[in-house]
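Presented below is the structure to which this report refers.
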Amino acid sequence: MNHLNIALWGVLPYIVAVVLVAGTAWRYHYDRFGFTTRSSQLHEHRLLSVGGPLFHYGLLFVAAGHVVGLIVPESLTERVHIEEPLYHANALFVGGAAGLATLTGLALLLYRRLTVPAVRAATSRSDRAVLPVLTAVVVAGLSATATTLVPHPYDYRLGVSVWFRSLLALDPDVPAMAGAPLVYQVHALLAMTLFALWPFSRLVHAFTAPVGYLARPYVVYRSRGSGHERAETFLE
């Protein structure tokens, strides 16, 4: 186990985690006004209305697939009678479809950003840094998924997933990742680069999802009736 593998798969993930958490806290404290996606909907709506949902919903399914694939061990899925062929088919077709939707939506959003003058003018330096990395992460992930189209001796659930769970246990299994195929290693390195850039880009708006909106109380307001005002209670 050489020093490069230790640095990449045993040390770098924790550095990225510190940058992600500390950078997000710093951004929220010192740039709360910029803690947003900087919406450009007023500049162009047609492409955004198609590319935006494709990208965001596709990414949501991709993230869910990563949570299951990286955190849930193979022994647990077998215990609940999800056989490996079924799991593999679901990961390939559902995960592949989600990845393609994400890439298609991202391509439309990038095309919009490059071809609509007002949107292009609103593109910041952080956008120019993070968007190519985001695209590379999605492409590398789809490439890794494509390797499972044919029988392959490598099982990422016995390699990459073991490494990821070992990071959570603060006992990194460096050989588990060092022995992974190059496409998985590239995908992991690009993902870590993306997370390191995350707090300093528009991607930080993902942490502002209005989850609390679903549990907001009723809002009381007054509406004008015939000659008098009456109080009515509605949900926003």
Side-chain angles (χ1 to χ4, degrees), residues 13 16-17 20 24 37 39 41 47-74 76-78 80-113 130-150 152 154-165 167-168 180-181 183-195 197-198 201-214:
V16 171
L20 176 63
T24 301
T37 184
S39 176
Q41 184 175 358
L47 289 172
L48 182 63
S49 65
V50 177
L54 271 176
F55 173 73
H56 287 94
Y57 286 114
L59 192 61
L60 184 63
F61 278 96
V62 167
H66 277 67
V67 169
V68 174
L70 293 175
I71 296 180
V72 179
E74 189 172 0
L76 181 58
T77 54
E78 290 178 348
V80 296
H81 306 293
I82 300 177
E83 301 298 331
E84 186 59 25
L86 176 61
Y87 178 91
H88 172 73
N90 181 73
L92 178 60
F93 295 109
V94 177
L100 287 174
T102 303
L103 184 60
T104 302
L106 181 58
L108 286 172
L109 295 177
L110 289 174
Y111 174 79
R112 172 181 178 269
R113 188 160 295 276
V130 78
L131 290 175
V133 177
L134 176 59
T135 304
V137 170
V138 176
V139 171
L142 278 172
S143 299
T145 301
T147 63
T148 64
L149 283 169
V150 295
H152 195 278
Y154 181 76
D155 184 353
Y156 77 90
R157 300 186 75 195
L158 301 178
V160 177
S161 299
V162 171
W163 167 75
F164 185 82
R165 292 195 298 273
L167 294 176
L168 299 179
V183 66
Y184 289 94
Q185 294 180 344
V186 170
H187 183 50
L189 288 173
L190 287 170
M192 285 191 281
T193 302
L194 181 66
F195 285 125
L197 293 172
W198 196 290
S201 70
R202 69 173 58 238
L203 295 178
V204 76
H205 80 278
F207 297 131
T208 65
V211 177
Y213 186 86
L214 299 175

Original post:
Can you tell me how far the CG atom of L92 sits from the OG1 atom of T148, to the nearest 0.5 Å?
Top reply: 4.5 Å
**OP:** Show the numbers, then the answer: is there a side-chain contact (heavy atoms from CB on, under 4.5 Å) between L189 and Y184?
**Re:** CA-CA 9 Å; L189 288 173; Y184 289 94; over 6 Å; no
**OP:** Start with the C-alpha gap between H66 and I71, add the side-chain angles, then the distance that decides, and say whether side-chain contact (heavy atoms from CB on, under 4.5 Å) holds.
**Re:** CA-CA 8 Å; H66 277 67; I71 296 180; over 6 Å; no
Subject >> Nearest heavy-atom neighbours spanning L70 and F164 >> reply: CB-CD2, 3.8 Å
Subject >> Side-chain (H56) to main-chain (G51) donor-acceptor, under 3.5 angstrom >> reply: no
**OP:** Calculate, to the nearest 0.5 Å, the distance between atoms CG and CZ belonging to L106 and R113 respectively.
**Re:** 10.5 Å
Original post:
Say you draw a straight line from NE2 of H81 to CG of L86; how long is it, rounded to the nearest 0.5 Å?
Top reply: 13.0 Å
Subject >> Exercise: identify the closest heavy-atom pair between L142 and L100 >> reply: CD2-N, 3.9 Å
**OP:** Please confirm whether the backbone N or O of V130 pairs with a side-chain atom of S201, one donor and one acceptor, at under 3.5 Å?
**Re:** no
Original post:
H187 side chain to V137 main-chain N or O, any donor-acceptor pair under 3.5 Å?
Top reply: yes
Original post:
If every non-hydrogen atom of E74 is compared with every non-hydrogen atom of T77, which pair is closest and at what distance?
Top reply: O-OG1, 2.8 Å
**OP:** Determine, step by step, whether V160 and Y154 satisfy the side-chain contact (heavy atoms from CB on, under 4.5 Å) criterion, reporting the C-alpha distance in whole Å, the side-chain angles of both residues, the deciding distance to 0.1 Å, and the verdict.
**Re:** CA-CA 10 Å; V160 177; Y154 181 76; 3.3 Å; yes
Original post:
F55 and L109: which non-hydrogen atoms are nearest, and at how many Å?
Top reply: CB-CD1, 4.0 Å
Original post:
For the atom pair CG (L203) and CG (L194), what is the distance rounded to the nearest 0.5 Å?
Top reply: 6.0 Å
**OP:** Mind checking the OG1-CZ spacing from T102 to F61? Nearest 0.5 Å is all I need.
**Re:** 10.0 Å
Original post:
What's the shortest heavy-atom distance between L190 and A140, and which atoms?
Top reply: CD1-CB, 4.0 Å
Original post:
Considering only heavy atoms from C-beta outward, does the side chain of P73 approach that of R157 to under 4.5 Å?
Top reply: no
Original post:
Can you name the closest pair of heavy atoms from A144 and V183 and give their distance?
Top reply: N-CG2, 3.7 Å
Subject >> From L110 atom CG to L47 atom CG, the distance as rounded to the nearest 0.5 Å >> reply: 11.5 Å
Original post:
With side chains defined as the heavy atoms from C-beta onward, is the minimum distance between L134 and L197 less than 4.5 Å?
Top reply: no
Subject >> OH/Y87: more than 12 non-hydrogen atoms of other groups inside 6.0 Å >> reply: yes
